[in-house]
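Report on one structure; see the data block that follows.
Order of the sequence lines sets the chain letters (A, B, ...), proteins ahead of strands, with each chain counted from 1.
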Amino acid sequence: MFPSLNEQMDLIRSGAIEVLPEEELVKKIEKSIKTNKPMRIKLGADPSRPDLHIGHAVVLNKLRQFQDLGHTAVLIIGDFTAMIGDPTGKSKTRPQLTIEETKVNGQSYLDQAGIILDKSKMEVRHNSEWLSSMNFNDVIKLCAQYTVAQLLERDDFSKRYKSGTPISMHELLYPLAQAMDSAAIESDVELGGTDQKFNLMVGRDIQRAYGKEPQCILTMPILEGTDGVNKMSKSLDNYIALTDVPSEIFGKVMSIPDELIPRYLQYAAFASEDEVKQMEEGLKDGSVHPRNAKVDTAIRIVSKYHNEEAGKAAFEEFERVFKNKDIPDNIDEMEIETEDGTEGLLNILAKTKLIPSKKEAKRMVEQGAVSIDGEKTDDPFAAIDLKEQKLFKVGKRKFLYVKSK
RNA sequence: GGGUAGGUACCGAAGUGGCCAAACGGGGCAGACUGUAAAUCUGCUGGGCUCCGCCCUACGGAGGUUCGAAUCCUUCCCUGCCCA
C-alpha cells in the first residue's frame, strides 16, 4: 500500500529545513505501514488572508507530497482565531472578521489550495469547532501548561519585548490555541514555515498534556518575494498569486533577482533536488545564462499552476512583447462615457483605473510613462479622440484598449 | 496607582506659532541603460481643479486660544520604560 520507509523519508526530507524529531517520524511511518493506516498531516490556514500566493505554495506542495504517499491532509481553517483578529505585526489592529467573512474566505482558501492539493485525500476542519466551546476554566487549564518564559522564547516575541514593542495578551495565547488544534485533531505531523517552528513545537507539549501522542514537525523555508529581499506577502506587493494569469506569473518570475532562480525552481516549481543542483552548477560555471535559467523556471512555474501549454504560450508572448516590443495577446477592452467622443488624457487614465488618481496620472504622463497606440505622450491635458479604439500603455506592463461609449 | 518618555506621511525620523503637503533616509513608482535581473544615473512620491496658479484634506481623537497651529491651552484615547 504505502511506499517503503526509505522512499517516504527521502521525499519527506527533500526541501525541508527541519524534521523534528526524525526518529519519531520514522517510528510513525513504520507504524503506519504496519497497520496500513495513513498518518494525519496537519496544516493551519489563516482565513483572514485568503489570497494565496506562491509563498504559501511551498508548504502546500509539501503537504501534497504527503498525500501522494498515501497520507491524509488535515487542513485547519483558523476561523476562530481569525475572528479574534490576527495580532502579527505591530500596533495596527486588524479588522476583526465576522463569521460570514471567515466562511467566505475559508472557502476561497480551499478553492485556491485545491490547485495544489488532492481534494480526495483531504479533511477540512474549522478550529471554532473546538475552540469556541472552551470556557474560562478550559483556557486556564490550557495556560497552566505553559510558562511566560517559554512563550517569550519565541523569537519575534522576545525581539518585540526587547525593543519595547507592545505585545498583547491574546497574542501570547496564539501558540496555545494553535497547539489545541493539534490536540483536537490528533495530528501526526504538522507542517509550517520556519517562522512557525515555535508554534509547531508547542503543539507537541500541549498534545502530551492532553494525553495524545505528540506530533512531529516539518518546517519549510519562507520564500522571498519578487523583490528578492522580503518574504513574499501581499501587503508588500511582491507576490505571485496562485490565481494570477499565466502571462502575469511569467512576467513576475522574470523580474526576480538572479540569485533567487534556484530557490524558485526548487520551491515554487517544486523541482527535484537533482534538477536544482544541476541548474545551480550551470549558473556557477557560466554554462547556463541566467536569463535562460530564469525563462526555464518561469515556464516550469506557469506549467505547474496552470498547464504546460499555458507555460509555453506565456513564454512566447513574453518574447514577443518584451524582446520585440510587440503587444501582448489578451488586452482588456473598456468603453467609457464621453461627451463628444473625445476625452482629456487624465480623465481617461483615471476613469479606466489605469492610474489611481489624476494627480499621479499627470506625473506619469510628464515622465513619459504613458503611450497611446505606441506613441509616447507628454501632454497631460491632451484631448484624445476615442471614436476609434486606442491602445493605452502605462509603465512597462499595463495595456488597455479604450473606446468611447 | 505613582513617575517619566512618546504618538508626524508606506516605514524610520526631523520640525516646537507663519517661509510646512511637512527636512532627511529607506521603500515604492516612472524614465535611460539592460536579460521586464543586478548595479548606475535622472525625476516623482496626499487629493481635486478652469493646472506656471487656486482649492480641499492631513502631523493620535475632540474642543479652544490666535489674523494664522503639526507646533500653545483643555480634555480624552493609545504605547514604551521605571517604581509599586
Side-chain angles (χ1 to χ4, degrees), chain A residues 87-94 157-169 171 224-240 244-265 268 279 282-283 286 288-299 301-302 314-328 339 343-347 349-351 353-371 375-383 392-399:
Chain A
T88 40
K90 293 178 196 164
S91 50
K92 277 180 195 133
T93 322
R94 284 217 174 131
F157 281 152
S158 63
K159 265 191 202 143
R160 284 163 68 182
Y161 189 63
K162 276 179 199 144
S163 72
T165 315
I167 304 170
S168 301
M169 285 300 294
E171 299 188 67
E224 291 83 356
T226 51
D227 58 6
V229 180
N230 300 105
K231 72 171 189 179
M232 186 176 284
S233 87
K234 196 184 181 197
S235 48
L236 292 172
D237 199 26
N238 60 359
Y239 68 104
I240 301 175
D244 274 345
V245 295
S247 58
E248 192 72 7
I249 295 180
F250 198 97
K252 286 180 179 175
V253 174
M254 288 307 287
S255 74
I256 64 172
D258 290 355
E259 309 81 69
L260 232 53
I261 300 171
R263 265 179 92 73
Y264 268 54
L265 181 67
M279 175 176 283
L283 285 170
V288 176
H289 190 288
R291 194 194 106 94
N292 295 337
K294 213 189 265 183
V295 166
D296 288 345
T297 305
I299 294 175
I301 292 173
V302 175
F315 167 61
E316 279 157 19
E317 177 172 330
F318 177 84
E319 287 283 291
R320 224 185 44 244
V321 176
F322 294 102
K323 229 176 176 175
N324 310 329
K325 305 252 187 228
D326 208 340
I327 56 171
E339 300 249 326
E343 185 63 280
L345 179 53
L346 293 187
N347 288 331
L349 294 171
K351 271 188 191 168
K353 306 232 164 68
L354 274 168
I355 304 179
S357 79
K358 287 191 194 175
K359 200 92 173 172
E360 191 173 338
K362 189 184 170 199
R363 282 182 231 122
M364 299 276 260
V365 172
E366 283 169 350
Q367 290 181 113
V370 176
S371 70
E375 301 261 333
K376 252 186 199 171
T377 328
D378 55 7
D379 177 11
F381 301 105
F392 287 77
K393 183 186 178 198
V394 177
K396 284 178 202 160
R397 292 174 37 187
K398 282 192 201 163
F399 293 86

On a plain distance test, is the side chain of A:Gln367 in donor-acceptor contact with the base of B:rG31 below 3.5 Å?
no

Determine whether any donor atom in the side chain of A:Asp227 lies under 3.5 Å from an acceptor atom in the base of B:rG27, or the reverse, and answer yes or no.
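Side chain to base: no pair present.
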
Can you tell me how far [atom2] of [N] sits from [atom1] of [X], to the nearest Å?
{"X": "A:Asn230", "N": "B:rG28", "atom1": "CG", "atom2": "C1'", "answer": "12 Å"}
{"X": "A:His289", "N": "B:rA37", "atom1": "NE2", "atom2": "P", "answer": "13 Å"}
{"X": "A:Asp258", "N": "B:rG35", "atom1": "CG", "atom2": "C1'", "answer": "8 Å"}
{"X": "A:Asp378", "N": "B:rC44", "atom1": "CG", "atom2": "P", "answer": "16 Å"}
{"X": "A:Arg320", "N": "B:rG35", "atom1": "CZ", "atom2": "P", "answer": "20 Å"}

Which part of the nucleic acid does A:Lys252 contact within heavy-atom distance under 4.0 Å: base, sugar-phosphate only, or nothing?
nothing

Just call it for A:Gly251: base, sugar-phosphate, or nothing, with non-hydrogen atoms closer than 4.0 Å on any strand.
base

Counting only side-chain N and O atoms of [X], is one of them less than 4.0 Å from OP1 or OP2 of [N]?
{"X": "A:Lys358", "N": "B:rC49", "value": "yes"}
{"X": "A:Arg291", "N": "B:rU34", "value": "no"}
{"X": "A:Arg397", "N": "B:rA30", "value": "no"}
{"X": "A:Ser357", "N": "B:rG47", "value": "yes"}

Closest listed nucleotide, where the reference is the side chain of [X] and the choices are [options]:
{"X": "A:Lys376", "options": "B:rA32, B:rC51, B:rA37", "value": "B:rA32"}
{"X": "A:Pro257", "options": "B:rA37, B:rU36, B:rA30", "value": "B:rA37"}
{"X": "A:Arg363", "options": "B:rA32, B:rA37, B:rU45", "value": "B:rU45"}
{"X": "A:Tyr161", "options": "B:rA30, B:rG80, B:rC81", "value": "B:rC81"}

Taking atom [atom1] of [X] and atom [atom2] of [Y], what is their separation to the nearest 0.5 Å?
{"X": "A:Leu283", "Y": "A:Glu259", "atom1": "CG", "atom2": "CD", "answer": "10.5 Å"}
{"X": "A:Lys351", "Y": "A:Lys358", "atom1": "NZ", "atom2": "NZ", "answer": "8.0 Å"}
{"X": "A:Met364", "Y": "A:Asp378", "atom1": "CE", "atom2": "CG", "answer": "15.0 Å"}
{"X": "A:Met232", "Y": "A:Asp237", "atom1": "CE", "atom2": "CG", "answer": "11.0 Å"}
{"X": "A:Phe399", "Y": "A:Leu354", "atom1": "CZ", "atom2": "CG", "answer": "11.0 Å"}

If you pin A:Ala350 and A:Ile256 to their nearest nucleotides in RNA chain B, which one's is more 5'?
A:Ile256

How do A:Ser163 and A:Asp237 order along RNA chain B: which one's closest nucleotide is nearer the 5' end?
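Counting from the 5' end, the first nearest nucleotide belongs to A:Asp237.
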
Has A:Phe318 got its ring stacked on the base of B:rU36, with centres under 5.5 Å and planes less than 30° apart?
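One would call A:Phe318 stacked on the B:rU36 base.
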
Please say whether the positively charged group of A:Lys252, taken as NZ for Lys or CZ for Arg, lies over the ring of A:Tyr239, i.e. under 6.0 angstrom from the six-membered ring centre and within 45 degrees of the axis.
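Because its charged atom sits under 6.0 Å from the ring centre and within 45° of the axis, A:Lys252 does stack over A:Tyr239.
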
In whole Å, what separates the C1' atom of B:rA22 from that of B:rC10?
16 Å

